[in-house]
Number of protein chains: 2
Amino acid sequence: MSRLTINDVARAAGVSKGAVSFALNSRPGVAPETRARILRVARDIGWTPSSRARALSVSRALAVGLVIARPPDTLGADPFFPSFIAGLESVLSERGYALLLQVVANDDRETPSYRRLVDEGRVDGVFLTDLFMDDPRPALLAELGLPAVVIGPALGDGIWPAVGVDDAPGIIGAVEHLVALGHSHIGHVAGPRGMVHGHSRQQAWSGALLRAGLAPGPSIEADFSAESGAAATRQLLDLAEPPTAIVYANDLMAMAGMSLAQSRGLDVPRDLSITGYDDTEIAAHLQPSLTTVSTDVIEWGRAAAKRLLELIDTQPPTDIMLPPAQLVVRNSTGPVRADLQGRTKTTHRRRQTTRGARRMEKQ
Amino acid sequence: MSRLTINDVARAAGVSKGAVSFALNSRPGVAPETRARILRVARDIGWTPSSRARALSVSRALAVGLVIARPPDTLGADPFFPSFIAGLESVLSERGYALLLQVVANDDRETPSYRRLVDEGRVDGVFLTDLFMDDPRPALLAELGLPAVVIGPALGDGIWPAVGVDDAPGIIGAVEHLVALGHSHIGHVAGPRGMVHGHSRQQAWSGALLRAGLAPGPSIEADFSAESGAAATRQLLDLAEPPTAIVYANDLMAMAGMSLAQSRGLDVPRDLSITGYDDTEIAAHLQPSLTTVSTDVIEWGRAAAKRLLELIDTQPPTDIMLPPAQLVVRNSTGPVRADLQGRTKTTHRRRQTTRGARRMEKQ
DNA sequence: AGCACCACCTAAACCGGTTTAGGTGAGCTT
DNA sequence: AAGCTCACCTAAACCGGTTTAGGTGGTGCT
């Protein structure tokens, strides 16, 4: 029963409610021993300031919002959010902030959602996720005067700070790993080019090929869903010269692609090497286990939360260093088949079955 | 800029602020035309009531909480929450409620989290998830006077209403499906028995075996993680008489189990049939695609939200019907191998087999 | 005409904090 | 001894709504 108010504390401590407020927020003007007494009384009777009342008087919501603009079914398969939210929470809660969640269909471009949050004064700032290349949201929020932090690669418009793990090192790592295994014909299944993280991973991929001195391989745009990953893989394998390795923009598409390849009788990694991105829990337990790129999503969430709170408090931004994405090499990648290595025009036909000599999962 | 207050509206409409409040909340005592004028003015100048102020004066937080008590990495692999949250949101937002999220490590048994939420007056009610068999939380919340709705199978203590999809029909469907395919030695990889949904799926499983007239098959307790699913599968396959089919308590464990079986050279479903539970997005795209149990999680979320709001408003509970879980037959289940059929002595009686008749995945 | 009644609206209290403007007394100047 | 400063504390305004207790004027009844 939070029937207790600051008045009860004031009365019990024999001071005015103003004094209690001062003591609680450790502001000057209260004698040390009085402060101690007030705090002790407050603790003894078990009083916690009402954040409702606080929010009203400080004209702050003491909450920040995370608006997720995706169709819920796509969402379900994304391992990103739960961990990310855990990271956010760990910072927010110790600062007395709450996290408000909103999931909206992404076809309404969620403008009304933000408007409502800010109109109703529910949040002091928001995290922006799943940004499109020409997304109206940053400008909208600037206009509304609501602080925001962009999650993901920087947008380049400089309106809001971006907090993200650079996609490039991970993708480059994957490409270099494949090149080292002898692959020279590497395909890519990308996320939507219209979305910033789809775009940036795509960029990272072509940059990495360039660095490796390889010709640009075939790249197919998908939408991060299993369905689209399978379809894209089908297209790549149907090419006159199918790639010997495929770099996927996320694990889900990679899994779907791997299954599709296997259903066609290809052996992974003997006939086709595959890399994912995310390092989902299941990745290590697939057959073969999936070589993928791992990022510390929890730390990412922590960083984003810190940044947003700084922005809200108009504090100077601190340097936030995120650990770079790291390639985790497992068993879905292997040396290119000798008969396919460096081939130019020869097409490789599918092999029926290659069961047997298969590297076992470590563990 | 939400600088606008109810006073601005009152002034512009030439009435008192009380009148504006009455008009807005459609309470009697305002002439129809006056009400219309007030609402028009409010809309014209673009005013939305501040939920901060509202929350303080109505002594309600106008928000509900979802405390997720799991290690974040386990969380990531669970497709449940995002969809569930989407369902919650769709009901909450239209009622002007916000959803507060909190992710806590589950080792602190999250008591402090709830306490804080209620002490600070941040929420009017909470959803309880991942309940343990002897969970202290329902009682704690009752003591704190904070309405709650249990997500999942009913706990039987009757303190709070439970909203959940009955696990039994899905599991029973899976078992019957396997029995129809000729399996008589069916294993189970369960969730933690200490958790209600682990427990209930386990119960459903043994109940289904009983119904089918089969002896209780081997059951191994796991923890819903991929890692544990693989380990449990290993144990089952290492039995003197390994089961010809395994029913898993979730997709993640089923996937890990399937991969493990394949890495041992087993063919799914020829040598081993496998069923999951959840119907995650990837399930349909595995090789072979996974036979699993699908529940309408979004609708579930909607139902839970409705129920909690009713509880908060102390309205009479309405009947909430959730569509039952449904078995989705795909390719990870098939007829038992003839040489293995009925080989166990413990079999009580066999049901006729329905070979070949497999519903194909739609798409 | 006088009165009760009702519909409509206003003024002010209230929710529980924060914050500002004062007030009080001790200690120090002059 | 009067005056000043300063540290400490109190009273009251304030945040922006809701809600209660009145107030006003018009209508119906006798």
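Lettering follows sequence order; numbering is per chain, from 1.
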**Student:** Restricting to nitrogen or oxygen on both sides, can you table the protein-nucleotides 10-12 of chain C pairs closer than 3.5 Å?
**Tutor:**
{"residue": "C/dT10", "atom": "OP2", "partner": "B/Ser16", "partner atom": "N", "Å": "2.8"}
{"residue": "C/dT10", "atom": "OP2", "partner": "B/Ser16", "partner atom": "OG", "Å": "3.0"}

**Student:** Counting the atoms with a prime plus P, OP1 and OP2 as sugar-phosphate, which does B/Thr34 contact under 4.0 Å by heavy atoms, base, sugar-phosphate, or nothing?
**Tutor:**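 Sugar-phosphate only.
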
**Student:** Got a sec, which pairs hit salt bridge (charged side-chain N to carboxylate O under 4.0 Å, His left out) with one end in residues 53-62 of chain A, sequence neighbours left out?
**Tutor:**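 Sorted pair list: A/Arg60-A/Asp313.
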
**Student:** To the nearest angstrom, how far is B/Leu62 atom CG from D/dG16 atom C1'?
**Tutor:**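 Between C1' of D/dG16 and CG of B/Leu62: 14 Å.
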
**Student:** What's the closest nucleotide to the A/Ser21 side chain, out of C/dT19, D/dT18, C/dC9?
**Tutor:** C/dT19

**Student:** Would you please name every residue forming a side chain to side chain contact (heavy atoms under 4.5 Å, CB included) with A/Arg43, sequence neighbours left out?
**Tutor:** A/Arg40

**Student:** What's the separation between atom CD1 in B/Ile312 and atom CG in B/Asp124, rounded to the nearest 0.5 Å?
**Tutor:** 5.0 Å

**Student:** Taking CZ from B/Arg122 and P from C/dG16, how many angstroms apart are they, rounded to a whole number?
**Tutor:**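 Interatomic distance, CZ of B/Arg122 to P of C/dG16: 17 Å.
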
**Student:** Give one of base, sugar-phosphate or nothing for A/Arg60, where a contact means two heavy atoms less than 4.0 Å apart.
**Tutor:**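 No contact at all - A/Arg60 keeps every heavy atom at 4.0 Å or more from the nucleic acid.
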
**Student:** Whole angstroms only, please: what is the CG-P distance between A/Asp119 and D/dG16?
**Tutor:**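 Roughly 14 Å, once rounded to whole Å.
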
**Student:** Would you please classify the geometry between the B/Phe84 ring and the B/Phe80 ring as parallel, tilted or perpendicular, with 30° and 60° separating the classes?
**Tutor:**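 Ring orientation, 0 to 90° scale: parallel.
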
**Student:** Measure the distance from CZ on A/Arg52 to P on C/dT18 and round it to the nearest whole Å.
**Tutor:**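 My rounded result for the distance is 15 Å.
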
**Student:** When you measure from the side chain of B/Val30, which nucleotide among C/dG17, C/dC9, D/dC15 comes out closest?
**Tutor:** C/dC9

**Student:** How large an angle, rounded to 10°, do the end axes of the helix from C/dA1-D/dT30 to C/dT30-D/dA1 enclose when each is built from five base pairs?
**Tutor:**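 Taking the rotation axis at each end, their angle is 70°.
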
**Student:** Quick check on DNA chain C: between B/Gly29 and B/Val58, whose nearest nucleotide comes earlier from the 5' end?
**Tutor:** B/Gly29

**Student:** In the structure I gave you, are the side-chain heavy atoms of B/Asp166 and B/Pro153 within less than 4.5 Å of one another anywhere?
**Tutor:** no

**Student:** Name all pairs fulfilling the salt bridge (charged side-chain N to carboxylate O under 4.0 Å, His left out) condition that reach into residues 5-17 of chain B, sequence neighbours left out, sorted by first residue then second.
**Tutor:** B/Asp8-B/Arg11

**Student:** Phosphate oxygens OP1/OP2 of C/dT19: is one of them under 4.0 Å from a side-chain N or O of A/Arg27?
**Tutor:** yes

**Student:** If the condition is side chain to side chain contact (heavy atoms under 4.5 Å, CB included), which residues does A/Ala148 pass it with, not counting sequence neighbours?
**Tutor:**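 By the side chain to side chain contact (heavy atoms under 4.5 Å, CB included) rule, A/Ala148 matches A/Val126, A/Leu128, A/Leu141, A/Trp160.
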
